[in-house]
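A short worksheet on the structure shown next.
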Amino acid sequence: MRLCHRMSELMEMLIRRGFLWQSFEIYGGMAGFIDYGPLGNGLRRRLENLWREFFVINERAVEIDTPTVNVEEVFIASGHAESFTDVAIECKKCGKVFRADHYIKEKLNIEADCTIEAVKEIIEIYGLKCDCGGEFGEPFHFNLMFTTSIGPGKGKRGYLRPETAQGIFIAFKRLLDYFRGKLPFGVAQIGRAYRNEISPRQGVIRLREFNQAELEFFVHPAEKTHPQFKRYENEVVRLVDKFDNEHEITLREAVERGIIAHELLAYFIGKTKRFLIEAGVDEKRLRFRQHKDDEKAHYAADCWDAEALTSYGWIEIVGIADRTDYDLKRHMEHSGEDLRVFVQFKEPIKVKKLKIVPDLKKLGPVFRKKAKAIAEALERMDVKDANVEKVEVEVDGEKIEVSRDFFSIEEVEETIQGEKIIPHVIEPSFGLDRITYVILEHSFDKDVVDGEERKVLRLKRWMAPVQVAVLPLLSKEEFERVALEIVEMLRNAGIYTEYDDSGSIGRRYRRFDEIGTPFCVTIDHQTFEDRTVTIRDRDTTKQVRVKIDELVNVLKELLSSEKDITEFGEVFRG
RNA sequence: GCGCGGGUAGUCUAGCCUGGUAGGACAACGCCCUUCCGAGGCGUUGGCCCGGGUUCAAAUCCCGGCCCGCGCACCA
């Protein structure tokens, strides 16, 4: 029913104030699903927009949107069907879980069908037991993809996508065209993905339906670099490599020392770090950890996770993987489409080559009708030896020996303009739900104001779901009228604004502190004398007086910067 | 999926052992008063996770389910 029983103060607040709720609550709830309330939804939308700025607008990248329901073929090609629909067996004694087919192959050297019945039978016939001597329980399906059927009746089998990435790979031909055939380019997608987790736990951390923001950055396999790398090369990052060694070094050094495989991965690690900090993740509670070799997904050559320290421990919030050409290759094989990219060489390559030049005058009388075909076959042939006496060609299945009399060999120079390659893809993949949660946990703070403890959510100003609250000091008609005019003015200016006239002014400040509203605008007695209002800063509780006419500009500047409020007006009260 | 512990207004909690009227705090809402950091008064709304059983009577006892937490396992 609840997202956690021993509810932390933070979770209690998030639910009470409308950041997030357990889904399907009135029907008893269902683990692994959450509703975003008004404030949580607002925060996640801000996060998505910031992500777009970093990973779409700021790159040679575009954003697309593809279906969440996919046909089966997609995941057969991607390898997900294989790694998602296994039958598993669990030891009743030691509790270890194995992939049934692997275990049977290893122990009995039998290629078992991957069905529950087949596995059950084999276990019974051979009396298969666990290494520890324990017996296996009932085999069970271990299908992390949600299945569905497309169309009426039995329909066609479909799956809810377990990652957004496949939609991009499938549309690759169109995308390559869109980018006029030139590498590198990025394609992003923000959307829902689904994994039917066996037992989702830890509240919002492991969901069955979740939000991903993924960028697939396609590059030439030999050019895993980025023109903007210098922006991040001196960024010091905290790294944990696959041998569990910790490093606190610059990205340039990490690449030079071979800790990070190449510049492009390092570039995205740096960019991810800047993005997360900009969004409100605490730098001191952020690190990048390399996947160990046995931990990597089936498609990854190298993978680094951004991890954040939370009350659940270190949790993965971003995965930055070098997926190589795995996906495009697999889709080429399964679809039969050519997904290669023609890459022109900087300088065309000139190759000296020996070439057979058929002598048609001699071929014609001897070979008659076959002469033309023989001549063509001769031209296609590779020769290495300029002095070869005779060659054999195959025409319509018939092998024909052709002696030197019928052709000459010349040395020619060929120009090769370029080659066809399968691009590699570097994929930064963001778990938006987890990042949203981490931002909330890292922003949640308590301090003391006038001897009273207060809860305050120190969100980055621009990220706050409610950016400004407008408060009439008195609940009197003339105060309220001016306040509502200001609300309208701010909303028209695109500022997320709320109005609150309920309870004492102190109580209202606390309410907005709790949900992270960075600024409160208060209409007081002086407003009626000089058309000024006060702006109060969430973090310092300081107030300054500002003319109503300047309010929009001042607030916009404050919201898009970290400037001190006292730069913008006379300090009020103090 | 296994084991242990839980589920009472929006939130926290008393009551459960020993069956009989569900009580409080905070929050929310309305009115009054007041007005610059969770003031006060009066009032209001709202609750025993679901289903079954035992019983004259179930929040309480029993069974099943769902959900939550923790440990194990799982997390391509």
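Lettering follows sequence order; numbering is per chain, from 1. Since this is a predicted model, take the numbers as computed values, not measurements.
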Query raised in the report: What interatomic distance, in whole Å, is found between C1' of B:C48 and the corresponding atom of B:G38?
Result: 30 Å
Query raised in the report: Roughly how far apart, to the nearest Å, are B:A59 and B:C16 at atom P?
Result: 14 Å
Query raised in the report: Hey, would you say the A:His80 and A:Tyr159 ring centroids sit under 6.0 Å apart?
Result: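 Distance test on ring centres: not under 6.0 Å, no.
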Whole Å only: how far is the [atom1] atom of [X] from the [atom2] atom of [N]?
{"X": "A:Ile15", "N": "B:C68", "atom1": "CD1", "atom2": "C1'", "value": "11 Å"}
{"X": "A:Glu209", "N": "B:C75", "atom1": "CD", "atom2": "P", "value": "22 Å"}
{"X": "A:Tyr312", "N": "B:C70", "atom1": "OH", "atom2": "P", "value": "7 Å"}
{"X": "A:Met11", "N": "B:C12", "atom1": "CE", "atom2": "C1'", "value": "15 Å"}
{"X": "A:Phe24", "N": "B:C66", "atom1": "CZ", "atom2": "P", "value": "16 Å"}

Report summary line: In B/S/- notation (B base, S sugar-phosphate only, - none; protein heavy atoms under 4.0 Å), nucleotides 41-46 of chain B written 5' to 3' is ------
Query raised in the report: Once each nucleotide of nucleotides 26-37 of chain B is scored for protein heavy atoms under 4.0 Å, what B/S/- sequence comes out, 5' to 3'?
Result: -SSS----BBBB
Query - Under the side chain to side chain contact (heavy atoms under 4.5 Å, CB included) test, residues paired with A:Thr540 that sit two or more places apart - result: A:Asp537, A:Lys542
Query raised in the report: Taking atom NZ of A:Lys292 as the centre, does the number of heavy atoms from other residues, nucleotides or ligands within less than 6.0 Å exceed 12?
Result: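 For A:Lys292, atom NZ is crowded (more than 12 foreign heavy atoms under 6.0 Å).
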Query - B:A25: pairing nucleotide in any strand, Watson-Crick or G-U under 3.5 angstrom - result: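 Pairing partner: B:U11.
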Query raised in the report: In Watson-Crick or G-U wobble terms, both distances under 3.5 Å, what is the partner of B:C61?
Result: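 Looking at the geometry, B:C61 pairs with B:G53.
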Query raised in the report: Is there a donor N/O on one and an acceptor N/O on the other, under 3.5 Å, for the side chain of A:Arg208 and the base of B:C75?
Result: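 Answer is no: no donor-acceptor pair is held.
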